[in-house]
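Worksheet: one structure, shown below.
To find a chain, count down the sequence lines: A is the first, B the second, and so on, and within it residues start at 1.
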Amino acid sequence: MRSTAMRTHMCGELDIASVGKTVSLCGWVARRREHGEHLAFVDIRDHSGIMQCVVDNDVDVRSEFVIRVTGLVRARPEGTINSSLTTGMVEIGDCVVEILNSAEPPPFPVDARADDVDEMIRLKYRYLDIRRERMQKNLRVRAQINSAIRKEMETNGFVEVETPFLMPSTPEGAREFLVPSRKEPGSFFALPQSPQLWKQLLMVAGVDRYYQIARCLRDEDLRADRQYEFMQLDAEMSFVSQDDVLENIGRAVVAAAIAVTGEAPPEIERITWHDAMNRFGIDKPDLRFAMELIELTSLFAGTEFKAFAGASCIKGICVDAKTYPEAAAFGRNKLDGLTDRAKKIGAKGLVWMKIGADGAVDSPVAKFLSDSEKSALVSAMGATEGDLLLLVADEWDTTCEVLGQLRNDIGRPPVHQGPYKYVWVTEFPLFIGIDPVSGRPRPGHHPFCQPHPDDMSLFETEPLKVRALAYDLVLNGWELGSGSIRIHEPEMQRRVFNQLGISDEEADKRFGFFLQPFKYGAPPHGGFAFGIDRLAAILAGEENIREVIAFPKTQSGLDPMTNAPTPVDPAHLAELGLRLLPPPASS
RNA sequence: GGUCCCGUGGUGAAGCUGGAGUUCACGCCGGCCUGUCAAGCCGGAGGUCGCGGGUUCGAGUCCCGUCGGGACCGCCA
């Protein structure tokens, strides 16, 4: 029960069954409607809802005053029922109103109208913004997710362990937030980008199943789905296969989804990274819509068209006129825009074709294609009259990437729009591309991922073909998180470092504090981490994680309410052994 | 670091081809009002059109710069 010394009920919980009770409610004045000296309606609001209070005497309460109302719950008179309120059948009569605190007029309406208010102003007065139903709901969605995850993880034998916030700076990965040391001037702690290091050590330590809903910090530019600070369900398990990890993390995600939506999402699909790239042109495919990439390389094997002849990979997407009437009917201007977009991503060009009656092909390049090529193309693409075809011929990765981007540009719905499509993307490549400076492969994920056992014969000869036991979880085109089976044997770790061009000495210098414990009996282990903010945003129906974070930063990394970050005085710096450089000269 | 969009009383908007800080809705203050519910009616206050410069007889409007916000790219092993 939420009753306290000051109140008997929450505002939103009274209904027709409460009639006849004398109640006390506490909350904020949402609205008042005065009808002369002897009648006024005061709507009192708390996070649970709104209750109408009928005041017979004169009382001066204004918007957002904090009040306590005591009175008798009664059914509303015939014809005055408000069906848009859950409490609309009843009202409180014979009210005694106590003003607990007055309030200045708020800078914006504390209701749904503030959805349209400049976000900067909402953030400056976040304590008022959060008073609104939308934010109350969102924060509670988030709490439900955390709660459901904890319960599920604990049911499955995971132990919550808290890991340090102050840790050494590590050389790899995202930019870190640094914290100067007072006792060791000139030395710094780093704030964790993730508890990766700690959780693997906990496996060495025999914890067996660890989890934590952990705050992670990365000093990288902010986005709709990225903040400096974010929360992850971080987990690690010993003596497991990849399937064990996916099943356990999957259970937590499903539990969270059920807690919020009340229904289980469809089974989480699986797709390999290679298939995801081939079919959707991206490693975080949005499975809510089709427009899949269609393989056309062999179809144009003998073509006279120079842009296609000899291309190692030709693919196309079909913009279906029924589903995307606007895009399918793009004029020359828009098509040129798509071509520019394709070139920007790395394609040499973009071929567009409009399908007319009887499969006629209207395109600047139509004259270079034979009739049989055209008809084979139309049939391979499943195109019908009015459809727009977009084709790219290039290296496999460029072709996939460009069409995947165009597919998203044209077809992707807002991230929160149903149905929810969760998908595991597995078998990420161990290495991605060659570093132009070192001439060595670059790690696809991080250098501690276990290579796929089936690919070890290629490890030294064709490293770029080696898959990793690494996987992502994707929801509606947003990467929720990623994980892997980790390397637990020093010899395997050495082989990976060798491929990356990292010598034993260098590995010891850079990762020694991490690798040393592995000499003392590291169990085979693997884990995962996924972003709570992103999951909460999507399940709350928001397109932006700021809407599910109580006090977020703006895109420029500032807090309009506290004005953080702020300068500190020189004495404060001196204590830390710091001195500021002069501001960079503006040239 | 880059591309694009936005900036007008407390809030949200309109302001056309340059012609007086003009308009609309909400909010605010005062008055009236005994069944309203984003109450209604009457009256009132409130703005250096983000900031700076330029063009012009004249700039919210056109140009340049700058600051702030947002979306995206880079970046996020």
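- For A:Arg546, whose side chain is taken as the heavy atoms from C-beta onward, the closest listed nucleotide among B:A71, B:C37, B:G35 is B:A71.
- For A:Glu91 against B:G35, a side-chain-to-base donor-acceptor contact under 3.5 Å is present.
- Looking at A:Arg31 and A:Asp43, no side-chain N of the basic residue comes within less than 4.0 Å of a carboxylate O on the acidic one, giving no salt bridge.
- At the phosphate of B:C29, OP1 or OP2 sits under 4.0 Å from a side-chain N or O atom of A:Arg62.
- Separating the CG atom of A:Leu39 from the C1' atom of B:C37 is a distance of 12 Å, rounded to the nearest angstrom.
- Of the side-chain N and O atoms in A:Arg33, none sit less than 4.0 angstrom from OP1 or OP2 of B:U36.
- Comparing B:C24 with B:G58, their P atoms sit 30 Å apart, to the nearest whole Å.
- Applying the 4.0 Å criterion to OP1 and OP2 of B:A71, one finds that A:Asn544 has a side-chain N or O inside that range.
- Listed pair A:Thr554 / B:G69 meets the phosphate criterion, a side-chain N or O lying under 4.0 Å from OP1 or OP2.
- Judged by distance alone, the side chain of A:Asp46 and the main-chain N or O of A:Cys11 form a donor-acceptor pair under 3.5 Å.
- Comparing the same atom, C1', in B:C62 and in B:G18 gives a spacing of 8 Å after rounding to whole Å.
- Nearest to the side-chain atoms of A:Asp221 among the listed nucleotides B:C37, B:C76, B:G74 stands B:G74.
- For A:Met120 and B:A71, the CE to C1' distance is 17 Å, given to the nearest whole Å.
- Nearest to the side chain of A:Arg32, among B:C29, B:C76, B:G69, sits B:C29.
- Distances from the side chain of A:Asn82 to the nucleotides B:U34, B:C76, B:C37 place B:C37 closest.
- Nearest nucleotide to the side chain of A:Arg223, out of B:C75, B:U36, B:C76: B:C75.
- Spacing between atom CD of A:Glu78 and atom P of B:U36 amounts to 13 Å, rounded to whole angstrom units.
- With a cut-off of 3.5 Å on both Watson-Crick or G-U wobble distances, the partner of B:C33 is given as none.
- Here B:G70 is the nucleotide among B:G12, B:G70, B:C37 with the atom lying nearest to any side-chain atom of A:Gln555.
- Counting to the nearest Å, the C1' atom of B:G68 and the CG atom of A:Asp559 are 15 Å from each other.
- With A:Glu220 contributing its side chain and A:Ala174 its backbone, the two residues share no donor-acceptor pair below 3.5 Å.
- Between B:G54 and B:C73, the distance separating the two C1' atoms is 33 Å to the nearest Å.
- Checked against B:C29, B:G74, B:U11, the side chain of A:Phe108 finds its nearest nucleotide in B:U11.
- Put simply, the side chain of A:Arg175 and the base of B:G74 share no donor and acceptor less than 3.5 Å apart.
- Proximity of a side-chain donor or acceptor of A:Arg440 to a complementary backbone N or O of A:Asn498 within less than 3.5 Å is detected.
- Between A:Arg31 and the phosphate of B:A39, there is a side-chain N or O to OP1/OP2 separation shorter than 4.0 Å.
- Pair assignment for B:U17 gives none, since no Watson-Crick or G-U wobble pairing has each distance under 3.5 Å.
- Taking 4.0 angstrom as the limit, A:Ser556 places a side-chain polar atom (N or O) nearer than this to OP1 or OP2 of B:G69.
- Remark: the separation of the C1' atoms in B:G70 and B:C37 is 35 Å, to the nearest Å.
- On the P atoms, B:G65 is 45 Å away from B:C29, given to the nearest whole Å.
- Note: CG (A:Leu558) to P (B:G68) measures 8 Å, nearest angstrom.
- Listed nucleotides: B:A71, B:C76, B:C37. Nearest to the side chain of A:Gln52: B:C37.
- With rounding to whole Å, A:Phe41 atom CZ is found 4 Å from B:G35 atom C1'.
- B:C76 atom P lies 16 Å from atom CD of A:Gln232, rounded to whole Å.
- Ranking B:A71, B:A38, B:G35 by closeness to the A:Arg113 side chain, first place goes to B:A38.
- When distances run from any side-chain atom of A:Pro105 to the nucleotides B:C37, B:C75, B:C28, the shortest one goes to B:C28.
- Although no hydrogens or angles enter the test, the distance criterion places no donor-acceptor pair under 3.5 Å between the side chain of A:Arg534 and the main chain of A:Trp478.
- Nucleotides B:C4 and B:G44, compared at atom P, are 47 Å apart to the nearest Å.
- B:G50 and B:G9 are spaced 8 Å apart, taking the P atom of each and rounding to whole Å.
- A donor-acceptor pair is defined here as one N or O able to donate and one able to accept, closer than 3.5 Å; no such pair exists between the side chain of A:Asp472 and the backbone of A:Val474.
- The base of B:C76 does not come close enough to the side chain of A:Arg218 for any donor and acceptor atom to sit less than 3.5 Å apart.
- For A:Lys137, the NZ atom sits in a packed shell: over 12 heavy atoms of surrounding residues, nucleotides or ligands are nearer than 6.0 Å.
- Of the possible polar contacts, none joining the A:Thr398 side chain to the A:Ala347 backbone as a donor-acceptor pair under 3.5 Å is found.
- B:U3 is paired with B:A71 under the Watson-Crick or G-U wobble criterion, all donor-acceptor distances under 3.5 Å.
- Here B:U36 presents its C1' atom at 14 Å from CD1 of A:Ile50, a figure rounded to the nearest Å.
- Pairing for B:G44 goes to B:C28, judged as Watson-Crick or G-U wobble with the two contacts each under 3.5 Å.
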